[in-house]
Amino acid sequence: MACPVKYRTMNTFWKYYSGEEIAPVPTIFVGGNHEASNYLWELYYGGWVAPRIFFMGFAGVIWFGNIRIGGLSGIFKSRNYYSGHYERAPYNESDIRSIYHVREYDVQKLMQIEEPLDIFISHDWPRGITDFGNSEQLLRHKPFFENEIKNKTLGSQPAEELLKKLKPSYWFSAHLHTKFAAVVQHGENGPITKFLALDKCLPGHNFLQVIEIESDAGPHEIHYDEEWLAITQAYNPYFPLSRKSVQLMAERPDLGFHRQCVRKCMKEFNMKPFDFTITVPPYDPTQGKTANPASLGHVRNPQTEAFLQLLDLHYLLDSAPEHATPNRSPVSLMIQVKDENEIVLDDADDDNVPDDVDEIEVLSQQAMTNPNEIAVHEDDSDS
């Protein structure tokens, strides 16, 4: 897990993983930048991390009752955006951070969605969202955001593109450790997206808000989404797993054909995610230690194996990254490897910006106190 050393303690998730505790309500989440990434990689396509706690995958769409929810995990860093998912456990100091950086492949799958979404969840805020809310109040609480807001670099460019394309009724985010609400009008007389980000879970912080969304009488259970399964099936053969930069071509696969395949696969299946399965021994508080699956490399999660078998897809998550070249369609190249000599020009140079918002705030305060002093944090920077 990438996080400051002071936070590297065993807390309470093991109780939910082991079954000692059960989440009181069904809980759906996306990954951020302080996760057990080796565990979430087991569930790249989504799945139960514990009973009643569902991970949406690195990108995904599901139903909760009759409410359709989309999600994108991770945070945006331009230097990794066009790379494949090359990181493999055990992670080095670089890979433990880059693994949660958003990839174009996952964003492009979400960009294929045509049917309406009720809710979208991301860790990053969409870039430009501050134009639609009370930015003055935000800056009173987080003054070090000022330059990024002025330069239009606060937030995620891919999330901004997804917001414009998908136009969900609600969009929920986190990451910047402050509460912020906005209302986005998509064109004249177009649909409205209500955006909400909340603070981190600490006493005295605005970390919780209850929102009522119309739904049917239930039962309110999680189900797979047919359109998303078709997208997953269509794009999985082109899953980029190399460190080399790749960029998806604009031409879309025939999703109509894959929807027919998905319907056939699901004909005798109730569309519910597969049951939660423990993949490593839970933490034992009497021993004061737990198994270290990262030291053993990748663990194949039975939920993921069953999901891929259902869609008749190959298991690629433990492929060697240096040799994992995505398949090529004989008709159309959906993926092209970028010229290694090409210089990618980004709107903002974010290579030296830490991932942790608390660290950014500390560095900002130090800079205001002594602009000539440079603070180095080896344990929680992303360099």
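These figures come from a predicted structure and were not determined experimentally.
For the residue pair Ala59 and Trp228, the shortest heavy atom distance occurs at O-CZ2, 3.3 Å. Scanning all heavy atoms of the two residues, the minimum distance from Leu110 to Leu166 falls at O-CD2, 3.6 Å. Thr178 and Phe145 get closest at one heavy-atom pair: CG2-CE1, 4.4 Å. Of all heavy-atom pairs between Ala23 and Ile53, the closest is CB-CG1, 3.9 Å. Pairing each heavy atom of Pro237 with each of Ala234, the nearest pair is CD-O, 3.5 Å. The heavy-atom pair separating Ala2 from Arg97 by the smallest distance is CB-CG, 4.0 Å.
Annotation: the span from Tyr235 atom OH to Lys109 atom NZ amounts to 9.5 Å, rounded to 0.5 Å. In this structure, OG on Ser18 lies 6.5 Å from CD1 on Ile278, to the nearest 0.5 angstrom. Remark: Ile62 CD1 to Tyr224 OH distance equals 10.0 Å, nearest 0.5 Å. Between the CE atom of Met111 and the CG atom of Asp106 there is a distance of 13.5 Å, given to the nearest 0.5 Å. Note that OG of Ser83 is 12.0 Å distant from CG of Leu241, once rounded to the nearest 0.5 Å. In this structure, the separation between CG on Leu313 and CG on Asn236 is 4.5 Å, given to the nearest 0.5 Å.
The hydrophobic clustering, which links ILVMFWY residues whose side-chain heavy atoms are closer than 4.5 Å, places Met266 and Trp63 apart. Cluster membership for Leu196 and Ile213, using ILVMFWY side-chain heavy atoms within less than 4.5 angstrom, is shared. Val184 and Ile211 fall within the same hydrophobic cluster, defined by Ile, Leu, Val, Met, Phe, Trp and Tyr side-chain heavy atoms under 4.5 Å apart, directly or through other members. Hydrophobic clustering (side-chain heavy atoms under 4.5 Å, transitive across Ile, Leu, Val, Met, Phe, Trp, Tyr) groups Leu139 together with Phe144.
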**Asked** So Glu227 and Val61, side chain to side chain contact (heavy atoms under 4.5 Å, CB included) or not? Walk me through it.
**Response** CA-CA 9 Å; Glu227 184 183 29; Val61 179; over 6 Å; no

**Request:** Run the numbers on Lys77 and Ser98 for side chain to side chain contact (heavy atoms under 4.5 Å, CB included), then give the verdict.
**Result:** CA-CA 8 Å; Lys77 287 286 185 177; Ser98 65; over 6 Å; no

**Item:** Intermediate values then yes/no, salt bridge (charged side-chain N to carboxylate O under 4.0 Å, His left out), Glu114 and Lys165
**Value:** CA-CA 9 Å; Glu114 298 294 341; Lys165 167 66 165 63; 3.7 Å; yes

**Message:** Pair Val183, Ile192 - check side chain to side chain contact (heavy atoms under 4.5 Å, CB included), show working.
**Reply:** CA-CA 7 Å; Val183 177; Ile192 289 174; 3.4 Å; yes

**Asked** Going through the checks in order, is the side chain to side chain contact (heavy atoms under 4.5 Å, CB included) test met by His177 and Leu202?
**Response** CA-CA 10 Å; His177 301 172; Leu202 289 174; over 6 Å; no

**Item:** CA sep, side-chain torsions, deciding dist, call: Asp284, Thr286, side chain to side chain donor-acceptor pair (under 3.5 Å)
**Value:** CA-CA 5 Å; Asp284 183 349; Thr286 64; 2.5 Å; yes

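Annotation: side chain of Trp14 is in contact with side chain of Pro285 (closest heavy-atom distance under 4.5 Å). Side-chain contact between Trp41 and Leu317: present, with at least one pair of heavy atoms (C-beta onward) separated by less than 4.5 Å. At a threshold of 4.5 Å between non-hydrogen side-chain atoms, the residues Leu255 and Arg252 count as touching. Using a 4.5 Å heavy-atom cutoff, the side chains of Lys272 and Glu221 are in contact. Annotation: side chain of Arg8 is in contact with side chain of Cys3 (closest heavy-atom distance under 4.5 Å). Contact check for Leu229 versus Met271: side-chain heavy atoms found under the 4.5 Å cut-off. Here the side chains of His101 and Arg79 are in contact, with some heavy-atom distance below 4.5 Å.
No more than 12 heavy-atom neighbours from other residues, nucleotides or ligands sit within 6.0 angstrom of NZ on Lys164. Asp131 CG: more than 12 foreign heavy atoms inside a 6.0 Å radius. For Tyr315, the OH atom sits in a packed shell: over 12 heavy atoms of surrounding residues, nucleotides or ligands are nearer than 6.0 Å. Counting non-hydrogen atoms of neighbouring residues, nucleotides and ligands closer than 6.0 angstrom, the NZ atom of Lys167 exceeds 12 such neighbours. For Gln209, the CD atom sits in a packed shell: over 12 heavy atoms of surrounding residues, nucleotides or ligands are nearer than 6.0 Å.
Remark: the Ser245 side chain and the Tyr81 side chain contain no N/O donor-acceptor pair separated by less than 3.5 Å. Donor-acceptor pairing under 3.5 Å is lacking for the side chains of Thr12 and Glu21. Using modelled atom types and a 3.5 Å distance limit, the side chains of Asp318 and His298 yield no donor-acceptor pair. Of the N and O atoms on the side chains of Asn66 and His220, not one donor lies less than 3.5 Å from an acceptor on the other residue. Checked by atom type, the side-chain pair Asn301/Tyr39 shows no donor-acceptor distance below 3.5 Å.
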Taking only distance into account, with no hydrogens and no angle test, what donor-acceptor pairs under 3.5 Å do side-chain atoms of residues 117-126 form with protein atoms, sequence neighbours excluded?
{"unit_1": "Asp118", "atom_1": "OD2", "unit_2": "Arg68", "atom_2": "N", "d": "2.7"}
{"unit_1": "Ser122", "atom_1": "OG", "unit_2": "Asp124", "atom_2": "O", "d": "2.6"}
{"unit_1": "Ser122", "atom_1": "OG", "unit_2": "Trp171", "atom_2": "NE1", "d": "2.9"}
{"unit_1": "Ser122", "atom_1": "OG", "unit_2": "Ser173", "atom_2": "OG", "d": "2.9"}
{"unit_1": "His123", "atom_1": "NE2", "unit_2": "Asn33", "atom_2": "OD1", "d": "3.0"}
{"unit_1": "His123", "atom_1": "NE2", "unit_2": "His175", "atom_2": "ND1", "d": "3.2"}
{"unit_1": "Asp124", "atom_1": "OD2", "unit_2": "Phe76", "atom_2": "N", "d": "2.8"}
{"unit_1": "Trp125", "atom_1": "NE1", "unit_2": "Ala174", "atom_2": "O", "d": "2.7"}

Counting only pairs under 3.5 Å, give me each side-chain donor-acceptor contact of residues 302-310, with atom names and distances, residues two or more places apart or in other chains.
{"unit_1": "Gln303", "atom_1": "OE1", "unit_2": "Trp48", "atom_2": "N", "d": "2.8"}
{"unit_1": "Gln303", "atom_1": "NE2", "unit_2": "Trp48", "atom_2": "O", "d": "2.9"}
{"unit_1": "Thr304", "atom_1": "OG1", "unit_2": "Glu42", "atom_2": "O", "d": "2.5"}

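In this structure, Phe55 has its ring center closer than 6.0 angstrom to the ring center of Phe29. Residues Tyr44 and Phe239 bring their aromatic ring centres within 6.0 Å. Less than 6.0 angstrom separates the ring centroid of Phe58 from the ring centroid of His85.
Under the side-chain contact (heavy atoms from CB on, under 4.5 Å) rule, Leu154 has a single partner from Asn147, Ile149, Ile129, which is Ile149.
With hydrogens and angles disregarded, a donor-acceptor distance shorter than 3.5 Å links the side chain of Gln185 to the backbone of Gly187. Remark: the backbone N or O of Val280 is paired with a side-chain donor or acceptor of Tyr17 at under 3.5 angstrom. Here the side chain of Gln112 pairs a donor or acceptor atom with the backbone of Gln108 at under 3.5 angstrom.
Electrostatic pairing of Lys142 and Glu146 does not count as a salt bridge here, judged by no charged N lying under 4.0 Å from a carboxylate O. For Arg88 and Asp95, the salt-bridge test fails: no basic side-chain N is under 4.0 Å from an acidic carboxylate O.
Pairs engaging residues 257-266 under the side-chain hydrogen bond (donor to acceptor under 3.5 Å, both in side chains) rule: Glu115-Arg259, Glu226-Arg259, Glu226-Arg263, Gln233-His258 [sequence neighbours left out].
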